[in-house]
Amino acid sequence: MKYLHTMVRVGNLEESLDFYCNKLGLKELRRINSDPGRYTNVFLAAPGDETAMIELTYNWDSEVYTGGRNFGHLAYAVDDIYATCKHLQDHGVLISRPPRDGRMAFVRSPDGISIELLQAGPALAPAEPWSSMPNTGTW
């Protein structure tokens with residue numbers, strides 16, 4: 001058995017691609033448009049790790065998706081949790097659970113999917129402003 005990908009339904013493809021690619025740093029590997037099925041699938045992966053993909057599924061007919069939290073979460077290891085969170089914050093992404101411990105943070109996609117960011121290797125030393133930053137919303 002081999003892990004292939006995780007599928008997430010999105011309500012606005014361009015907004016989601018902006019989040020996952022421009023802000024989170026994933027890259028688009030391939031895109032499938034199905035006229036008969038009225039959907040678009042976009043496969044993304046972290047640079048250098050194309051074997052672990054996320055599939056964004058955009059159904060062309062309007063549908064509201066709720067309860068992103070019940071999906072669970074996606075998790076990515078990052079080289080510098082503080083720099084990653086700062087980059088996301090600078091691009092308008094709310095840090096729901098700041099990396100107070102130098103190890104773990106949570107953000108949400110535009111569709112409410114919870115994304116866990118984990119420091120690769122040992123935790124970084126606690127640092128401000130993250131150490132004293134409270135949680136915001138749910139994560």
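Keep in mind that what you see is a predicted model, and the values were worked out from it rather than measured.
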**OP:** Give every residue pair that meets the salt bridge (Lys or Arg N to Asp or Glu O under 4.0 Å) criterion with at least one member in residues 19-32, sequence neighbours excluded.
**Re:** Asp18-Lys23, Lys27-Glu50, Glu28-Arg31
**OP:** Kindly give the heavy-atom pair with the smallest separation between Tyr58 and Val10, and that separation in Å.
**Re:** CD1-O, 3.6 Å
Original post:
Considering residues at least two apart in sequence or located in another chain, which fulfil the side chain to side chain donor-acceptor pair (under 3.5 Å) criterion with Gln89?
Top reply: none
Subject >> Side chain to side chain, Leu117 and Phe106, heavy atoms closer than 4.5 Å >> reply: no
Original post:
Given side chains that start at C-beta, do those of Asp49 and Tyr76 come closer than 4.5 Å, heavy atoms only?
Top reply: no
**OP:** Compare every heavy atom of Trp130 with every heavy atom of Cys85, then report the nearest pair and how far apart it is.
**Re:** CB-CH2, 3.6 Å
Subject >> Spacing of CZ belonging to Phe19 relative to CG belonging to Leu24, to within rounding of 0.5 Å >> reply: 5.0 Å
Original post:
Which residues pass the side chain to side chain donor-acceptor pair (under 3.5 Å) test with Asp61, sequence neighbours left out?
Top reply: Arg38
**OP:** Taking all heavy atoms of Pro126 and all of Arg100, pick out the closest pair and write down the distance.
**Re:** CB-O, 3.9 Å
Original post:
Passes side-chain hydrogen bond (donor to acceptor under 3.5 Å, both in side chains), Asn135 versus Ser96? Steps please.
Top reply: CA-CA 5 Å; Asn135 292 343; Ser96 303; over 6 Å; no
**OP:** Please tell me if the side chains of Leu44 and Met53 come closer than 4.5 Å, counting only heavy atoms from C-beta onward.
**Re:** no
Original post:
Looking at residues at least two apart in the chain, or sitting in another chain, which of them share a ring-ring contact (aromatic ring centres under 6.0 Å, His included) with Phe43?
Top reply: His5
**OP:** To the nearest 0.5 angstrom, please state how far the CG atom of Asn41 sits from the CZ atom of Arg9.
**Re:** 10.0 Å
Subject >> Heavy-atom closest contact (Asn12 atom, Asp111 atom, distance) >> reply: N-OD1, 4.4 Å
Original post:
Hey, is CG on Asp79 packed in by over 12 heavy atoms from elsewhere, all under 6.0 Å?
Top reply: no
**OP:** Check the pair Tyr39 / Asn33 against side-chain contact (heavy atoms from CB on, under 4.5 Å), numbers first and verdict last.
**Re:** CA-CA 6 Å; Tyr39 66 84; Asn33 290 307; over 6 Å; no
Subject >> salt bridge (Lys or Arg N to Asp or Glu O under 4.0 Å) contacts in which one or both residues fall within residues 85-94, not counting sequence neighbours >> reply: Lys86-Asp90
**OP:** Could you walk me through whether Val107 and Leu94 pass side-chain contact (heavy atoms from CB on, under 4.5 Å), step by step?
**Re:** CA-CA 6 Å; Val107 298; Leu94 177 68; over 6 Å; no
**OP:** Look up atom CG in Leu74 and atom OG in Ser114, then write down how far apart they are to the nearest 0.5 Å.
**Re:** 8.5 Å
**OP:** Determine the minimum heavy-atom distance between Pro47 and Leu26, stating which atoms define it.
**Re:** CD-CA, 4.5 Å
Original post:
How would you list, by chain and number, every residue that makes a side chain to side chain donor-acceptor pair (under 3.5 Å) with Glu14, sequence neighbours excluded?
Top reply: none
**OP:** Could you pull out the closest heavy-atom pair between Ala123 and Arg103, with the gap in Å?
**Re:** CB-CB, 3.8 Å
Original post:
So how far is it from Asp80 CG to Leu124 CG, rounded to the nearest 0.5 Å?
Top reply: 5.5 Å
Subject >> Single-linkage hydrophobic cluster, 4.5 Å side-chain cutoff, Trp60 and Val42 together >> reply: yes
Subject >> Sub-4.5 Å side-chain heavy-atom contact between Leu17 and Leu56 >> reply: yes
Subject >> Approximate separation, where rounding is to 0.5 Å, of Asp101 CG and Gln119 CD >> reply: 10.0 Å
Original post:
So, the side chain of His91 versus the backbone of His87: is there a donor-acceptor pair under 3.5 Å, distance only?
Top reply: yes
Subject >> Heavy-atom check, side chain of Ile54 versus side chain of Val8, under 4.5 Å >> reply: yes
**OP:** Report the distance from atom OG1 of Thr84 to atom CG of Leu118, rounding to the nearest 0.5 Å.
**Re:** 11.0 Å
